Amino acid sequence: MNFIADTHTHTVGSTHAYSTILENARVAADRGLKFLAITDHGPNDNDPPHIWHFHNMERSVDRELFGVKMLFGMEASITGADGSLNIEAGEIMYLDWVIASVHYPVEGNPSDYTGVYERVADNPFVDVIGHCAQPYYPFNYDKILPIFCGKNKLVEINETQITHRHRSPENRELLQKCMEYNVPVIINSDAHFCNRVGEFFGSQKLLEELNFPEELVVNSSEDRFIRYLKVRRKENLWR
C-alpha cells in the first residue's frame with residue numbers, strides 16, 4: 001500500500017521536535033508524498049509555539065513546497081470531560097487541519113473516555129482523532145467508532161505509537177474494530193524529526209497482517225484524500 005499524505009508532523013515550533021517546516025517538506029517530497037500537514041502542539045500545552053506561529057503560517061509559508069501541498073494545522077489537546085480543547089473556537093476555525101489528542105488526563109480524571117470522545121466528535125473543526133489506541137485513556141470502540149465515522153472524523157493509526165511506544169497490540173485491536181464498523185482511518189507518522197516524515201513501516205505491517213481494506217485508508221490514494229478534503233470543505237486551499 002502506498003501513502004500520499006502525512007498529516008501529523010511537528011517542527012521546532014514544538015520544542016521537543018527537531019526539524020523545520022522546510023526540512024519536513026523536503027523529506028516528504030523525497031518520499032513521494034503529495035500532501036503534508038504541519039501540526040504543532042496547541043496553546044497552553046507543555047511546549048506550544050506562540051499563537052502567532054499558527055496565525056502566520058498561511059501568510060508566510062508557501063502553499064506548495066518541493067511539489068508537496070501544505071496543510072497548516074495543529075495537534076490540539078483534549079483537556080475537558082466536555083470534549084473541550086486547548087484552543088478557542090475563534091482560533092481553531094482558521095486552521096486547515098486539526099488533530100484532537102489526549103496527552104494527559106482530562107479535567108476530572110475519568111476512568112473511561114467514552115463520553116469525552118463522544119463530545120469531541122461533536123466539534124465541527126476536528127478532522128482527526130489522534131493516537132487514540134491508548135490503554136491509559138480507554139473508550140468503548142463499539143459505541144464511539146461509528147460516531148467518528150458518522151461525523152467525518154478520521155481515526156489515526158500513529159506510527160510513532162506503534163514503533164517507538166510499542167503499541168502494536170492496541171492499534172491492532174483498533175484496526176480490527178475499524179474494519180468491523182467500516183470506519184476510515186489515516187496513517188500518520190507523528191514525526192518529531194524530518195527523517196520520520198512519511199515513515200509508516202510498523203503501520204503498514206499491521207495493515208498487511210490484518211488484510212485491512214485499502215479503501216478505508218484515506219491517505220492511500222490522492223483521489224481518496226481529495227474526496228475527504230471536499231467533504232471537509234478544504235479542497236480549495238491551493239487555489
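Numbering starts at 1 and runs along the sequence shown. On a predicted model such as this, the values are computed, not experimentally measured, just so you know.
Counting non-hydrogen atoms of other residues, nucleotides and ligands closer than 6.0 Å to CD of Glu107 gives a total of 12 or fewer. Counting non-hydrogen atoms of other residues, nucleotides and ligands closer than 6.0 Å to OH of Tyr94 gives a total of 12 or fewer. Counting heavy atoms of neighbouring residues, nucleotides and ligands inside a 6.0 Å radius, atom CG of Asn140 exceeds 12 of them.
In terms of hydrophobic clustering, with Ile, Leu, Val, Met, Phe, Trp and Tyr side chains grouped at heavy-atom distances under 4.5 Å, Trp97 and Phe72 are assigned to different clusters. The hydrophobic cluster containing Ile186 does not contain Met179, counting ILVMFWY residues as joined when their side-chain heavy atoms lie under 4.5 angstrom apart, directly or transitively. The cluster map of Ile, Leu, Val, Met, Phe, Trp and Tyr, joined by side-chain heavy atoms under 4.5 Å apart, puts Leu145 and Ile99 in different clusters. One hydrophobic cluster, built from ILVMFWY side chains closer than 4.5 Å, cannot hold both Leu95 and Val128; they sit in different ones. Using a 4.5 Å cut-off between side-chain heavy atoms of Ile, Leu, Val, Met, Phe, Trp and Tyr, with links allowed through other members, Tyr141 and Tyr136 fall into the same hydrophobic cluster.
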- Starting from the C-alpha separation in whole Å, work towards a yes-or-no answer on side chain to side chain contact (heavy atoms under 4.5 Å, CB included) for Gln176 and Glu180. CA-CA 6 Å; Gln176 288 171 326; Glu180 181 178 342; over 6 Å; no

- Take Ile226 and Phe35 through the test side chain to side chain contact (heavy atoms under 4.5 Å, CB included) and record every step on the way to the result. CA-CA 10 Å; Ile226 290 172; Phe35 298 88; 4.1 Å; yes

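Between the side chains of Asn158 and Asp190, at least one donor N or O lies within less than 3.5 Å of an accepting N or O. Side chains of Thr114 and Asp112: a donor-acceptor N/O pair is present below 3.5 angstrom, by distance only.
Remark: side-chain polar atoms of Arg119 are paired, donor with acceptor, to backbone N or O of Ala81 under 3.5 angstrom. Side-chain atoms of Asn86 never come within 3.5 Å of backbone atoms of Asn44 as a donor-acceptor pair (strictly under, hydrogens ignored). When atom types are taken as modelled, the side chain of Asn219 and the backbone of Ala5 share a donor-acceptor pair closer than 3.5 angstrom. No donor-acceptor pair under 3.5 Å is formed between the side chain of Glu222 and the backbone N or O of Lys34. Under the 3.5 Å distance criterion, the side-chain polar atoms of Tyr228 are matched with a main-chain donor or acceptor of Asn152. Between the side chain of Ser220 and the backbone N or O of Glu214, at least one donor-acceptor pair lies under 3.5 Å.
In this structure, the salt bridge (charged side-chain N to carboxylate O under 4.0 Å, His left out) partners of Lys234, at least two apart in sequence or on a different chain, are Asp127. With sequence neighbours excluded, the residues satisfying salt bridge (charged side-chain N to carboxylate O under 4.0 Å, His left out) with Asp142 are Lys177. Scored by the salt bridge (charged side-chain N to carboxylate O under 4.0 Å, His left out) test, Arg172 finds Glu209 as partners (sequence neighbours excluded). Residues passing the salt bridge (charged side-chain N to carboxylate O under 4.0 Å, His left out) test with Glu170 are Arg167, sequence neighbours excluded. Remark: His10 pairs with His8, His41, His192 by the ring-ring contact (aromatic ring centres under 6.0 Å, His included) rule, at least two apart or across chains.
Nearest approach of Leu216 to Cys178, heavy atoms of both residues: CD1-O, 4.1 Å. Nearest heavy-atom pair, Gly42 versus Pro48, reported as atom, atom and distance to 0.1 Å: O-CB, 3.0 Å. Looking at every heavy atom in both residues, Pro110 comes nearest to Val116 through CG-CG2, 4.3 Å. Looking at every heavy atom in both residues, Cys149 comes nearest to Pro184 through SG-CD, 3.7 Å. Taking both residues in full, the closest heavy atoms of Asp40 and Pro49 are given as CB-CG, 3.9 Å, listed atom of the first, atom of the second, then distance. Taking every heavy atom of both residues into account, Pro43 and Met74 meet most closely at CD-CE, 3.7 Å.
Two residues are said to be in side-chain contact when any heavy atoms from C-beta on lie closer than 4.5 Å; Val106 and Thr79 fail this criterion. Looking only at side-chain heavy atoms (C-beta outward), Thr11 and His53 come within less than 4.5 Å of each other. For the pair Ile21 and Met70, the minimum side-chain heavy-atom distance is below 4.5 Å. Contact annotation: the side chain of Asn123 never approaches that of Val98 to less than 4.5 Å [non-hydrogen atoms, C-beta and beyond]. Between Leu65 and Leu22 there is a side-chain heavy-atom pair separated by less than 4.5 Å.
Atom CG in Leu206 sits 6.0 Å away from atom CG in Leu175 (nearest 0.5 Å). Atom CG of Leu36 sits about 11.0 Å away from atom CD1 of Ile4, to the nearest 0.5 Å. Atom-to-atom distance recorded for Leu174:CG and Ile157:CD1 is 4.5 Å, nearest 0.5 angstrom. Distance OG/Ser189 to CG/Asn195: 11.5 Å, rounded to 0.5 Å. Distance CD/Gln134 to CG/Asn171: 9.5 Å, rounded to 0.5 Å. Between Ser101 atom OG and Leu85 atom CG the span is 9.5 Å, to the nearest 0.5 Å.
Among residues at least two apart or in separate chains, ring pair (Phe, Tyr, Trp, His ring centres under 6.0 Å) pairs with a member in residues 109-132 are His103-His131, Tyr113-Tyr137, Tyr117-Phe139, Tyr117-Phe148. Note on residues 198-219: pairs passing ring pair (Phe, Tyr, Trp, His ring centres under 6.0 Å), not counting sequence neighbours, are Phe3-Phe200. Applying the side-chain hydrogen bond (donor to acceptor under 3.5 Å, both in side chains) test to every pair with at least one member in residues 18-27, sequence neighbours left out, gives these pairs: Thr20-Glu23. Sorted by first and then second residue, the salt bridge (charged side-chain N to carboxylate O under 4.0 Å, His left out) pairs involving residues 9-18 (not counting sequence neighbours) form an empty list. The salt bridge (charged side-chain N to carboxylate O under 4.0 Å, His left out) analysis of residues 151-162, with sequence neighbours excluded, yields the pairs Asp122-Lys151. Applying the salt bridge (charged side-chain N to carboxylate O under 4.0 Å, His left out) test to every pair with at least one member in residues 82-105, sequence neighbours left out, gives these pairs: Arg63-Asp96.
The hydrophobic cluster around Val12 extends to none of the other residues, as no ILVMFWY side-chain heavy atom falls under 4.5 Å of it.
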